[in-house]
Amino acid sequence: MPTSKKTTPDKAAPARRAELLATAAQVFAEHGYRATTVRRIADEAGMLAGSLYYHFDSKESMLDEILTGFLDDLWARYDAVLTAAPGPRETVTALVTASFREIDRHRAAVALYQKESPHLAGNPRFSYLADSRRKFEEMWLGVLRRGVAGGDFRADLDIRLAYRFLRDTVWVAASWYRPGGTHSPEEIARQYLSMVLDGIAPRP
């Protein structure tokens, strides 16, 4: 960390900043935010540790940008789905597909979000994480309630249990999914939705 006059972060090179954030996200996800030093990120990026401060004023700022970038993209996709206002089953399909696409785009950020969110709960800078979790829960519970009320989903469906199942089984994919693998995010979503909505037993 520099001990001389604080350097003003450089916001004039968005492409380079994006590359550095992608590197930082990968290192944070692999080693944990607290265990990761600026020097480690700089080494992975092929630069001197002090040079990072021309782009970011702190390690915390990098974490903040990684998480807000992921959540902004995620909610842009979700809001587009909700604005289109399809039926409940179609909404579930679109939301799950959007989620897998974001795991494909932001796999390291998703892993980081899952790992670090509980530790950031008391930090005012990251209060938006709790806000996003509440919004996420309200969105899913609302879709599931509409589905039950309209007959799209079973009348005996436990809404909260279904929400937790969908949340956890979708996002755990970040632990094993690798971009460019055998299955595209759309194919994974299709298979997942087939199991969730239609089951795994053969149809009569």
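Computed from heavy atoms alone, side chains included, the values below leave out hydrogens, waters and symmetry copies.
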Check: Any side-chain hydrogen bond (donor to acceptor under 3.5 Å, both in side chains) pairs touching residues 149-159, not counting sequence neighbours?
Finding: Arg154-Asp156

Side chain to side chain contact (heavy atoms under 4.5 Å, CB included) against [X], all qualifying residues, sequence neighbours excluded:
X      : answer
Ala94  : Val81
Ala162 : Leu144, Leu157
Ala25  : Ile66, Ala108
Thr23  : Val27, Glu44, Ala45

Just grab all the salt bridge (charged side-chain N to carboxylate O under 4.0 Å, His left out) pairs involving [range], residues at least two apart or on different chains.
range            : value
residues 121-136 : Glu60-Arg125, Asp64-Arg125, Asp131-Arg134
residues 79-100  : Arg89-Asp198
residues 22-39   : Arg34-Glu116
residues 177-192 : Arg101-Glu186, Glu187-Arg190

Next item on the list: Kindly work out whether a path of hydrophobic side-chain contacts (I/L/V/M/F/W/Y, heavy atoms less than 4.5 Å apart) joins Tyr113 to Trp176.
Entry: yes

Check: Same hydrophobic cluster for Phe165 and Leu197, using side-chain heavy-atom links shorter than 4.5 Å among ILVMFWY?
Finding: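 Yes: a chain of side-chain contacts under 4.5 Å links Phe165 to Leu197.
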
Within the structure provided, determine whether [X] and [Y] are in side-chain contact (heavy-atom separation under 4.5 Å).
X      : Y      : value
Leu67  : Leu120 : yes
Arg17  : Phe56  : yes
Val110 : Glu102 : no
His55  : Glu19  : no
Val196 : Thr169 : no
Phe136 : Trp75  : yes
Met139 : Leu95  : yes
Leu112 : Leu63  : yes

Notebook entry, point to check: Is the Phe126 ring parallel, tilted or perpendicular to the Tyr128 ring (thresholds 30°, 60°)?
Noted result: tilted

Checklist line | Arg160: partners by salt bridge (Lys or Arg N to Asp or Glu O under 4.0 Å), with sequence neighbours left out | finding: Glu137

Note to self: Heavy-atom count check: over 12 atoms from other residues, nucleotides or ligands less than 6.0 Å from His183 NE2?
What the structure shows: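 Check fails, neighbour count at 12 or below.
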
Exam field: side chain [X] to backbone [Y], donor-acceptor pair closer than 3.5 Å:
X      : Y      : value
Ser117 : Gln114 : no
Ser132 : Leu129 : no
Ser51  : Met47  : no

Working to the nearest 0.5 angstrom, can you tell me the gap between [X] [atom1] and [Y] [atom2]?
X      : Y      : atom1 : atom2 : answer
Tyr78  : Leu71  : OH    : CG    : 10.0 Å
Thr97  : Leu193 : OG1   : CG    : 5.5 Å
Leu20  : Tyr54  : CG    : OH    : 14.0 Å
Leu141 : Arg164 : CG    : CZ    : 8.5 Å
Asp72  : Arg77  : CG    : CZ    : 13.0 Å
His31  : Ile41  : NE2   : CD1   : 10.0 Å

Item checked: side chain to side chain donor-acceptor pair (under 3.5 Å) assessment of Ser61 paired with Asp57 -> CA-CA 7 Å; Ser61 290; Asp57 61 14; 2.3 Å; yes

Notebook entry, point to check: Under the criterion side-chain contact (heavy atoms from CB on, under 4.5 Å), which of Lys59, His119, Lys115, Met62 is the partner of Tyr33?
Noted result: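 Output: one option passes, namely Lys59.
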
Note to self: Tell me every residue that passes ring-ring contact (aromatic ring centres under 6.0 Å, His included) with Phe153, counting only those two or more places apart in sequence or in another chain.
What the structure shows: none

Notebook entry, point to check: Which residues satisfy the ring-ring contact (aromatic ring centres under 6.0 Å, His included) test with Tyr192, sequence neighbours excluded?
Noted result: Phe100

Notebook entry, point to check: For the residue pair Tyr163 and Trp140, what are the closest heavy atoms and their distance?
Noted result: CD1-CB, 3.5 Å

Next item on the list: Might you point out which heavy atoms bring Ala29 and Ala111 nearest each other, and give the distance in Å?
Entry: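 The pair with the smallest heavy-atom distance is CB-CB, 4.2 Å.
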
